Amino acid sequence: MAMIGQPLDRIDGRAKVTGAAKYAAEFRVPNAVHAVLVQSTIAAGSITGFDLKEASDMPGVLAIITPNNAGKLTHPENVPQAVAGPLLQNKDILFNGQHVALVVAETLEQAQSAASAVRLTYTRGEAATSMDAMLGQAYPPKHFRNGARPPDTSRGNADESFATGAVKMDATYVTPIEHHNPMEPHATIAAWDGDRVTVWTATQGISGVQSTLAGQFGIDKANVRAICPYVGAGFGSKGNTWPPATLAALAARTVRRPVKLVLSRSQMYTSNGYRPRTVQKLKIAAAADGALLSMRHDGFSSMSRPSLGEFAEPVALATEMLYACPNVAVTHRLVALNAALPTYMRAPGEASGVYALESAMDEMAVALKMDPIAFRLKNYAETDPHENKPFASKALRACYEQGARAFGWEKRSAEPRSMRDGNILIGWGFATSTYPTNRMPSAVKIRMEKDARVVLQCGTQDIGTGTYTVMTQVAADTLGIPMHHIRFELGDSNMPPGPVSGGSMTVASVSPSVQAACRALLDKIKDRAVAQPGWGGQSRDGLQLRDGQVVGIGQQISLATLLEHGPIEAEAKTQPGDEKKEFSMHAFGAQFAEVRVDPDLGEIRVSRYVGAFDGGNILNAKTARSQLIGGITYGIGMALHEETLVDQETGRIVNTNVAEYLMPVNADVPDIQTIIVPNDDKNSNPLGVKGIGELPMVGVAAAIANAVYHATGVRVRKVPIRIEDVL
Ligand code: MOS
């Protein structure tokens, strides 16, 4: 039976629920000691002095590392997002919660206790904490999309054509700072052996950890080993190598012992990025028949002080390509604040940007008195209007149709406040979803042991998405041997390199290498068969592997016999081809939300949800459904719950815990119906996959906001939508 596509359980499921799966902080490294970070309590200024007397006299304290004694790290240009301040390289304070010292002690409790006894004196500077107050000083990003494209683009003339529209909208949408809050905190254990360092670290990218640490410590990449077999989710927060990983290695070098550094939940709010706040100005105009004439999307996202690095939320990329509109202009701007450096968070760009775009499209549909889906179909882009290329594949129309049918959309009455269940207002909202399809180089090593069992290795990660399981399925299918004879290993930089597990790229990048490595192994097995006495007349390509036998014409030999000569090994490396030159590559979806709003109390509940997705070929229907449910739940959080609150006086985040940072719990999440629209996108990569880690959360907040409008007649142009917004 073909394994690809089957809804198989995770092969690491048992290890996870029994605790056998080891996460970074759980490795037992002999002789390890503990480090605890000390953070600034002001948002701007500089450190004038440390009083370390009390802390250093406390029991078990081995070292207190401050900018006075940390020693210089190197910052070559190729270190991604080299972060200056929080690496204890100077005494500038650029945000509240910045790392200012590191206490190392024999036990965790001793380190925590001594960390709380470290005293600092500061001179205070003026802190910029309000994005709205600073909008006038916004500036264009210098390295937008790593320099791959400009931050502003336009086609036609959006401003002139706007004036000619029969129906127009012009509104500003705001999304808040959000934090990833993965279940597993950030953790690193670092151990040096001479000038070689090994780190067990919670990361979405061991290759990045390896190159970043090598750069910062000025050592060869081969002298850094990063190990991470399991990740308790990252959502983007573990995509970069953040200062705590570096500081753990710095501390280990200082005390000449292995050092473990685990962040507290509270520390994770200023240590490893967040989704920046965005202010997005949308202007759209259409002809009376609903044909789009003009779209303008000006996006502002909040940033740290520029010396910490740069991250610009790419909010307007979907606006360029999603609809057939002749005149489109988009811009991206940054607003520098005294805040930590933001970063990617699940569906970076699209989550915030499509919320605004699809809210604006709903406002247009209302103004045009058109059904929201009919309005999208009227402007359906058959080819990518921005890149002027065909889509590698696009089953968005089928997503609209199948989602609408499952939801019962045709029973919707258009008028706001027109659908009720007793006193309760019912709203039905819709939005489009899209996320780009990408791929990176990836290498895989494979070995068939003498017992015919197979081990594959790739330095990729399983961030909870199912990499172990899906890659084993691909190998089983390609080799034609049972899953339980195959072990897929990952999470060690000694293995052939894999890409960062981000941008929904893992399956598209790693599975082609798995397939290629398996094929290379099959060739070697057949070569060995053909080399057997009496097999001279057989051609390799005519042979087949069946039930543990290599079968030729009138000949067969068991794998066991062939393997008596020793194990067989192969390696493969695959990388993107020219597909991006030829095609525009994107995944798509249709989001349908029902909300129930109590008109007296303003309480908003999502009561029903349908999402239909074109994620290309789906390699495991069960892990895929988990991604879809997870993404939609993340979107419900964005719509109604999540918001990081910054005290404008002090620049301090006030809800640095999962009690006051609201997230959806089971009672907030209805039964979610997910529809996988069949597609097989061989134009994008050999397995035909598009990636579904981020797609399902895109558009959810808009679908819910549009449903809230339909229920109440109140257009809320910011998330999260709160009770007070609809009363
Ligand atoms: Mo994702 S935000 O690229 O981990």
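Atoms considered below: every heavy atom in the structure, side chains included; atoms not considered: hydrogens, waters and symmetry mates. Order of listing sets the numbers, starting from 1, for every ligand and every atom in it. Just so we're clear, the structure is a prediction, and the values are computed from it rather than from any experiment.
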Problem - Mutual orientation of the aromatic rings belonging to H179 and Y661 [parallel < 30°, tilted 30-60°, perpendicular > 60°] - result: perpendicular

Practice task
Answer yes if the ring centres of Y230 and Y468 are under 6.0 angstrom apart, and no otherwise.
Solution key: yes

Completion exercise
All heavy atoms of D668 vs all of I636, minimum pair found to be O-CG2, 4.1 Å

Practice task
Evaluate the criterion salt bridge (charged side-chain N to carboxylate O under 4.0 Å, His left out) for residue pair K394 and D614; output intermediate values, then yes/no.
Solution key: CA-CA 7 Å; K394 181 177 180 179; D614 163 19; over 6 Å; no

Practice task
Show the numbers, then the answer: is there a side-chain contact (heavy atoms from CB on, under 4.5 Å) between N685 and E579?
Solution key: CA-CA 8 Å; N685 51 65; E579 61 274 1; 5.9 Å; no

For each nitrogen or oxygen atom of ligand 1, which protein N/O atoms lie closer than 3.5 Å, and how far apart are they, rounded to 0.1 Å?
{"residue": "ligand 1", "atom": "3 (O)", "partner": "G503", "partner atom": "N", "Å": "2.6"}
{"residue": "ligand 1", "atom": "3 (O)", "partner": "E694", "partner atom": "OE2", "Å": "3.2"}
{"residue": "ligand 1", "atom": "4 (O)", "partner": "Q204", "partner atom": "NE2", "Å": "2.7"}
{"residue": "ligand 1", "atom": "4 (O)", "partner": "G236", "partner atom": "N", "Å": "3.1"}

Problem - E313 side chain to T278 side chain, donor-acceptor N/O pair below 3.5 angstrom - result: no

